[in-house]
A.B. asks: 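This is the structure, below, for whatever I ask next.
Just so you know, residue 1 is the first one in the sequence shown, and it goes up from there. Below, each value reflects all heavy atoms present in this structure, side chains not excepted, and no hydrogens, waters or symmetry copies.
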Amino acid sequence: MAMDTPRKDVLSSSSPSSSSSSTSFFSHLCSSALRFKTLKSSSGNASGNALVRRLGVFDLLLLGIGASIGAGIFVVTGTVARDAGPGVTVSFILAGASCVLNALCYAELSSRFPAVVGGAYLYSYTAFNEITAFLVFMQLMLDYHIGAASIARSLASYVATIFELIPALKGKIPPWIGHGGQELFGGTFSINILAPILLALLTIILCQGVKESSAVNSFMTATKVLIVIVVIIAGSFKVDVENWSPFVPNGFKEVLTGATVVFFAYVGFDAVANSAEESKRPQRDLPIGILGSLFICVVLYIAVCLVITGMVPYDLLGEEAPLAAAFNSKGLKYVSILISIGAVAGLATTLLVGLYVQSRLYLGLGRDGLLPSIFAKVHPKRHTPVHSQVWVGTIAAVLGGLFNVRVLSHILSVGSLTGYSVVAACVLTLRWKIKTETQVTSKCMSTWCEGVICIVTVTCCGFATGVVYRFGASVIFMIVALVIAILACGALCFRQDYSEAPGFSCPWVPILPSVCIFFNIFLFAQLHYEAWVRFVVLSLISFCIYAFYGQYHANPSSDETIIYHMPPQEGRH
């Protein structure tokens with residue numbers, strides 16, 4: 001890897017004055033924050049510190065499905081249906097439509113950088129700058145950490161349910177072992193010991209190697225998909241269409257809010273992008289894995305939502321295990337047993353892939369120096385980032401074992417919506433860079449800046465439209481925001497030059513990425529207030545971490561940094 005802007009020396013402590021030192025600090029901060037990455041292309045052998053390519057297209061499909069089909073079906077459906085009613089189906093459709101747009105953008109970038117670990121972090125580092133990449137990483141990480149802890153709690157509950165099928169254990173498993181948690185100090189802590197144990201087991205599997213963890217994921221994913229299909233078929237015979245009326249009992253706003261919640265259920269497709277360095281034929285297989293796994297998940301989610309809300313009135317659905325409770329209420333206990341098994345398999349694979357993705361992101365930042373170098377170490381025999389893997393498993397275990405992570409669920413999806421919006425913007429800017437990176441005229445620079453301003457305008461209009469809709473303000477404000485967004489999109493169409501991307505090409509650029517950004521930020525505006533606060537606070541904390549650590553340690557051009565090797569025909573122009 002090489003940086004277009006060379007890294008400057010760390011400031012000397014012998015500044016003539018505090019004013020001069022302060023000026024030098026901010027000057028260095030600005031120059032460091034605006035650095036961006038260019039990847040070298042080589043057909044040589046990969047570094048000994050690289051990961052091993054063992055994943056084929058079928059493995060990638062199962063990786064994406066394994067990451068998605070889990071909490072979305074076995075947990076989230078009941079929670080969101082309590083507010084959205086049968087309209088939860090529309091929530092999944094809206095979130096799925098948004099994710100399809102995002103997946104097309106991810107597919108192009110994964111094909112453009114087919115040999116590199118990092119996903120959204122890497123794309124924003126290359127298309128924008130260092131500080132943007134670090135902020136994206138931090139927002140995504142909090143989503144992943146909270147999501148992993150939440151899923152671990154749900155998995156523990158389902159495992160306890162299976163144990164209770166044994167007559168001697170029925171009703172005798174205390175809450176601090178599996179079901180929920182034992183609250184202490186007025187609810188400040190919620191103790192659960194089974195969740196950390198399950199996280200430890202999955203972390204051990206991931207540390208063994210990608211081949212072993214992929215085999216476990218493939219087996220469990222195939223099992224849960226078969227069980228979901230059985231559930232859909234069996235449940236369809238117990239559907240009462242009267243339960244679908246009213247379809248949207250609490251208004252469409254609840255459906256939109258539900259879409260922001262279930263959005264996180266689809267994020268598995270970005271796990272495929274993060275497996276680039278371990279894919280056998282990344283330029284061909286990554287787009288197939290991303291789009292194929294997402295399509296399968298959308299179909300299964302919609303079918304399950306229609307079945308579960310048709311079987312039981314939405315206000316009677318359980319929140320802990322809604323599918324199992326629905327089939328129990330219809331006397332289909334054998335199906336509820338299958339559901340419990342499928343839930344364990346589903347949540348386990350979602351958790352497995354989630355932990356896998358987190359470790360690869362930490363690996364990328366460790367290599368670039370934005371995090372301590374220990375995160376960049378890869379086991380010489382197992383070819384896995386063991387230190388990163390143990391770290392993410394430990395964070396999830398602490399959150400899942402000590403806290404009621406359900407309280408934190410309202411601040412989920414912030415990182416995903418933010419990251420996906422940035423990825424869509426990366427598609428646009430990288431298309432510009434191919435044509436203008438060899439030109440140095442001020443006109444080209446101003447044209448690039450003009451494009452960025454248009455992207456920011458679309459983003460602001462998406463948020464404004466979402467806020468106006470959420471608070472029921474005059475429709476005139478919404479129309480004004482839409483018109484401005486359309487004008488900005490028109491400027492992107494007619495004021496910029498675009499070229500075809502190597503490999504898979506996202507269609508209808510710049511319209512599709514612009515719509516993607518607008519819709520993502522519209523959904524962002526529907527999030528709970530706590531999510532907005534989380535975004536601002538975490539951004540400030542991230543900036544401080546970068547200012548006092550990252551800017552001085554980031555050094556992707558050092559001799560110890562791995563050079564990513566890709567076939568010459570897949571290299572960048």
Side-chain angles (χ1 to χ4, degrees), residues 29-30 33-36 98 101-102 105-106 108-109 120-121 123-140 413-433 435-437 442-470 477-498 506 508-527 531-532 534-536 538-540 542-543 546:
L29 175 61
C30 291
L34 295 178
R35 293 179 297 202
F36 62 91
S98 177
L101 301 181
N102 287 292
C105 296
Y106 259 98
E108 174 175 318
L109 295 180
Y121 156 76
Y123 307 150
S124 53
Y125 204 160
T126 309
F128 291 104
N129 49 52
E130 195 167 280
I131 185 63
T132 302
F134 188 70
L135 293 176
V136 167
F137 165 80
M138 291 293 285
Q139 294 290 348
L140 283 173
S413 296
V414 175
S416 300
L417 288 168
T418 303
Y420 290 175
S421 299
V422 172
V423 167
C426 289
V427 171
L428 297 174
T429 57
L430 287 172
R431 292 282 190 98
W432 304 337
K433 281 191 173 184
K435 283 197 170 185
T436 63
E437 63 187 357
S442 59
K443 180 179 178 181
C444 288
M445 287 301 295
S446 62
T447 302
W448 192 89
C449 291
E450 179 184 310
V452 172
I453 291 172
C454 289
I455 293 174
V456 173
T457 301
V458 171
T459 303
C460 293
C461 289
F463 185 76
T465 304
V467 170
V468 169
Y469 179 84
R470 177 173 180 170
F477 295 110
M478 187 181 297
I479 293 174
V480 170
L482 286 170
V483 169
I484 295 175
I486 292 172
L487 292 175
C489 186
L492 288 172
C493 290
F494 299 109
R495 296 283 296 173
Q496 300 290 337
D497 292 325
Y498 300 90
C506 177
W508 308 311
V509 172
I511 296 175
L512 189 147
S514 299
V515 172
C516 184
I517 294 170
F518 185 92
F519 191 63
N520 286 341
I521 302 303
F522 180 88
L523 289 178
F524 183 96
Q526 311 308 311
L527 292 173
W532 297 1
R534 165 233 154 133
F535 177 81
V536 174
L538 184 59
S539 295
L540 292 174
S542 303
F543 183 82
Y546 177 80

A.B. asks: Within the 4.5 Å heavy-atom criterion, are Tyr420 and Cys516 side-chain neighbours or not?
C.D. replies: no
A.B. asks: Would you say the side chain of Val423 lies within less than 4.5 Å of the side chain of Asn102, judging by non-hydrogen atoms?
C.D. replies: no
A.B. asks: So does Thr447 get a backbone contact from the side chain of Gln496, meaning a donor-acceptor N/O pair under 3.5 Å?
C.D. replies: yes
A.B. asks: Check whether any side-chain heavy atom of Phe519 sits under 4.5 Å from a side-chain heavy atom of Leu523, and report yes or no.
C.D. replies: yes
A.B. asks: How far apart are the closest heavy atoms of Ala120 and Leu140, and which atoms are they?
C.D. replies: CB-CD1, 3.9 Å
A.B. asks: Kindly compute the distance separating CG (Leu135) from OG1 (Thr418), expressed to the nearest 0.5 Å.
C.D. replies: 10.0 Å
A.B. asks: Specify the closest pair of heavy atoms between Ala424 and Pro513, including all atoms of both residues, with the distance to one decimal.
C.D. replies: O-CB, 3.6 Å
A.B. asks: Have Tyr546 and Glu130 got a donor and an acceptor in their side chains that come within less than 3.5 Å?
C.D. replies: yes
A.B. asks: Are the side chains of Leu527 and Leu417 in touch, meaning some heavy atoms are under 4.5 Å apart?
C.D. replies: yes
A.B. asks: How are the rings of Phe535 and Phe524 set to each other: parallel, tilted or perpendicular (split at 30° and 60°)?
C.D. replies: perpendicular
A.B. asks: Mind listing the closest non-hydrogen atom pair of Met138 and Leu538 along with its distance?
C.D. replies: O-CD2, 3.5 Å
A.B. asks: Which atom pair, heavy atoms only, marks the closest approach of Ala481 to Thr465?
C.D. replies: CB-OG1, 3.4 Å
A.B. asks: Of the non-hydrogen atoms in Asn129 and Ala33, which two are nearest, and what is the gap between them?
C.D. replies: CB-O, 3.1 Å
A.B. asks: To the nearest 0.5 Å, what is the distance between CZ (Phe522) and OG (Ser421)?
C.D. replies: 13.5 Å
A.B. asks: Side chains of Cys493 and Pro510: does their closest heavy-atom pair fall under 4.5 Å?
C.D. replies: yes
A.B. asks: Kindly indicate whether the side chain of Val509, heavy atoms from C-beta on, has any atom under 4.5 Å from the side chain of Leu428.
C.D. replies: yes
A.B. asks: Please check if the number of heavy atoms outside Phe477 that lie under 6.0 Å from its CZ is greater than 12.
C.D. replies: no
A.B. asks: Using a 4.5 Å cut-off on heavy atoms from C-beta on, say whether the side chain of Leu512 contacts that of Cys105.
C.D. replies: yes
A.B. asks: Once you round to the nearest 0.5 Å, how far does OG of Ser514 lie from CG of Leu492?
C.D. replies: 5.0 Å
A.B. asks: Measure the OG1-CZ distance between Thr126 and Phe36 for me, rounded to the nearest 0.5 Å.
C.D. replies: 9.5 Å
A.B. asks: In terms of heavy-atom contacts, does CH2 of Trp508 have more than 12 from other residues, nucleotides or ligands at under 6.0 Å?
C.D. replies: no
A.B. asks: Please report the interatomic distance SG(Cys460) to CZ(Phe518), rounded to the nearest 0.5 Å.
C.D. replies: 11.5 Å
A.B. asks: For Thr429 versus Ala127, what's the shortest heavy-atom pair and its separation?
C.D. replies: OG1-CB, 3.2 Å
A.B. asks: Would a distance-only check, ignoring hydrogens and angles, find a side-chain to backbone donor-acceptor pair under 3.5 Å from Gln139 to Val414?
C.D. replies: no
A.B. asks: Could you label the plane-to-plane angle of the Tyr106 and Tyr123 rings as parallel, tilted or perpendicular, counting under 30° as parallel and over 60° as perpendicular?
C.D. replies: perpendicular
A.B. asks: How long is the straight-line distance from CH2 of Trp532 back to CZ of Phe463, given to the nearest 0.5 Å?
C.D. replies: 4.5 Å
